[in-house]
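Protein chains get the first letters and strands the later ones, always in sequence-line order, with residue 1 at the start of each. Excluded from the calculations below are hydrogen atoms, water molecules and symmetry mates; all remaining heavy atoms, backbone and side chain alike, are included.
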Amino acid sequence: VTAVDNTIAGPRRDVVGYNGKPPKVTWPGAARIAISLVVNYEEGSERAVGDGDPRGEQGAQPSWPASKRDLALESLYEYGSRVGFWRLLAIFDELDVKTTFYACAVALERNRDAAKEIRGRGHDVVSHGYRWEDVVLLTREEERDHIRRAIASIEETTGERPVGWYCRYGPSVNTRELLVEEGGFTYDCDAYNDDLPYWTTVHGTKHLVVPYSLAANDIKFQSSYGSPKDFEDYLKSNFDRLYKEGETYPKMMSIGLHMRLAGRPGRAQGLFNFIEYAQSFPGVWFATRGEIAQHWFDHHA
Amino acid sequence: MTIDTPIPGPVRDLVGYNGNPPKVTWPGNARIAISLVVNYEEGSELAIGDGDPRTERGYHDAPYYPWPDGERDLASESMYEYGSRAGFWRLMDIFDELNVKSTFYACAVALERNRDAAREIRARGHDVVSHGYRWEDVTLLTRDEERDHIARAIASIEETTGARPVGWYCRYGPSVNTRELVVEEGGFTYDCDAYNDDLPLDHGPR
């Protein structure tokens, strides 16, 4: 028995996965590594007193009363959609890389020019929920409703319906089932447990998972990363290891970015340095998650 | 494009310059304007000795260390004091040596407790923005209390530094009333209570 048998709700755990024998992947151009840059577009959909939430996101001041608007924190988020977004887009254009946006529907509704610009410049959109919310706090019916609202909204703001899904932090026990029931999704990213995409089964239906990472992720500026160099060094080290492994078994590297964090100039420069570094090697494929999922459908179905 | 909320306080603007910032020509065609800001807070932080229920215990070099709430934390007080006693003069020397002018976000009560330093700021060519009457969370104040603290801060900083402040910056963040009160009070040409852009912006008449 390699999977955990249990009777509680939600997907069965699989603590074995490829069991030390990952598939030998041939990425396009025989690349040794597929790099997926992900921009989390959340700003404007986070918890906020002004949107009827009982409390806003946790700010820097523990003493701040949770029921009062935290204008400083609102402002720190706004930097992402106002400035960080455009800086990151300019960097991607300059270095000619395509990325994936994990986009919260309400956030895009509140910045429609930006929403149009994402696909307009060749980037990919994965639904990051109706709002940036903990779906585990929703009932199954509420979550289904939010999924539907997210699909309709993102289709309207970006011009195309999303075919990938990624929750805030983690899915509920219902999320993956609801996505499969809803249909139209070719993959989700609600996993942190592998270096390669993998298939799973939801009530008999084959479903693709493209795992994500909170390690190569600028969110760690809130905890362990201090200087932009910490972020840059981690990304380079992550790349070096996977590039070496990729000589025989090519892997994928997910990099998580947030416009309010990596969009600040000092950190954006660290990201720029990393992308240039990776581009200095042969056999490096910067891919959207849609492209990676498609590759899996085409070659590993 | 902005969020309309029926609740008090400024309307959020998640769009701003919308990817088209103005083309700024700084003096001397500079490519970047660098604003060094020194927060002058030491002496106005929460302190048992000032009637507060607890002493400020963070935002200095020591890691968190458990301490009973009602007791003075002399170590923490002391770490704050380093700022006004030693750090202030070191930074002033560096600015002089490298010939740069900076802005002091100054808490009124902190300057009252170090009057020579207060005079030195403008005397050496630096700028003063009011950082509040004390280094306090204004969201805990009523609207009238906050108005009163603003008026007291203006009078005090004018007295200690020789000129009234025309800029405002709260501790961490403003209340929903701050910007309105600053405009109602008059005499302020700007505030710094935002973290959402790389350039100043005009909120227009209110």
Side-chain angles (χ1 to χ4, degrees), chain A residues 41-46 48-53 56 59-90 93 104 106-118 120-121 157 259-260 263-266 268, chain B residues 1-21 31-32 34 45-46 52-54 56-59 64 69 135-143 146 169-180 182 191-201 203:
Chain A
Y41 195 120
E42 295 154 352
E43 291 85 349
S45 72
E46 73 276 12
V49 173
D51 284 328
D53 298 314
Q61 294 282 84
S63 61
W64 201 268
S67 62
K68 299 225 177 176
R69 282 183 74 182
D70 183 339
L71 297 181
L73 192 65
E74 289 183 15
S75 189
L76 288 163
Y77 273 84
E78 287 156 19
Y79 187 88
S81 58
R82 295 168 61 123
V83 182
F85 172 80
W86 301 100
R87 174 169 293 119
L88 293 178
L89 276 191
D93 279 356
C104 298
V106 166
L108 292 188
E109 288 176 13
R110 288 166 174 180
N111 200 352
R112 288 175 174 272
D113 285 348
K116 281 193 281 282
E117 206 69 10
I118 298 172
R121 297 219 209 166
T157 54
M259 311 185 301
R260 62 190 178 279
R264 292 273 173 186
Chain B
M1 302 208 296
T2 57
I3 300 170
D4 260 314
T5 61
I7 58 165
V11 172
R12 291 190 77 181
D13 181 358
L14 289 145
V15 176
Y17 287 122
N18 201 15
N20 304 301
R31 288 169 61 160
I32 184 170
I34 299 181
E45 74 277 12
L46 288 176
D52 298 311
R54 60 183 187 88
E56 190 70 60
R57 310 218 37 256
Y59 311 100
Y64 174 76
D69 254 3
W135 192 46
E136 63 188 347
D137 289 336
V138 290
T139 192
L140 302 174
L141 306 176
T142 66
R143 200 176 201 282
E146 188 175 358
Y169 173 72
C170 290
R171 175 179 179 158
Y172 176 62
S175 76
V176 293
N177 302 311
T178 308
R179 189 165 285 157
E180 274 181 22
V182 163
D191 74 58
C192 308
D193 286 324
Y195 306 100
N196 57 7
D197 219 295
D198 284 333
L199 285 174
L201 79 165
H203 275 281

Tell me, out of E117(A), E46(A), E43(A), R260(A), who's got the most heavy-atom pairs with chain B below 4.5 Å.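 Most heavy-atom pairs within the cutoff with chain B belong to E46(A).
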Between R179(B) and D193(B) (salt bridge meaning N to carboxylate O under 4.0 Å), is one present in this structure?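 Salt bridge flag = no for D193(B) with R179(B).
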Let's go through D70(A) and Y172(B) carefully: what are the C-alpha distance in whole Å and the side-chain angles of both, what is the deciding distance for side chain to side chain donor-acceptor pair (under 3.5 Å) to 0.1 Å, and is it a yes or a no? CA-CA 9 Å; D70(A) 183 339; Y172(B) 176 62; 3.0 Å; yes
Looking at [options], which has the largest count of heavy-atom pairs under 4.5 Å with chain A?
options	result
T139(B), T178(B), V176(B), N196(B)	N196(B)
L140(B), D137(B), D198(B)	D198(B)
P21(B), P174(B), S175(B)	P174(B)

With the side chain counted from C-beta on, respond yes when R264(A) and L76(A) share a heavy-atom pair under 4.5 Å apart, and no when they do not.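 They are in side-chain contact.
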Establish, for the pair R110(A) and Y77(A), whether the NZ or CZ atom is under 6.0 angstrom from the six-membered ring centre and no further than 45 degrees off its axis.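 No, a cation-pi geometry is absent between R110(A) and Y77(A).
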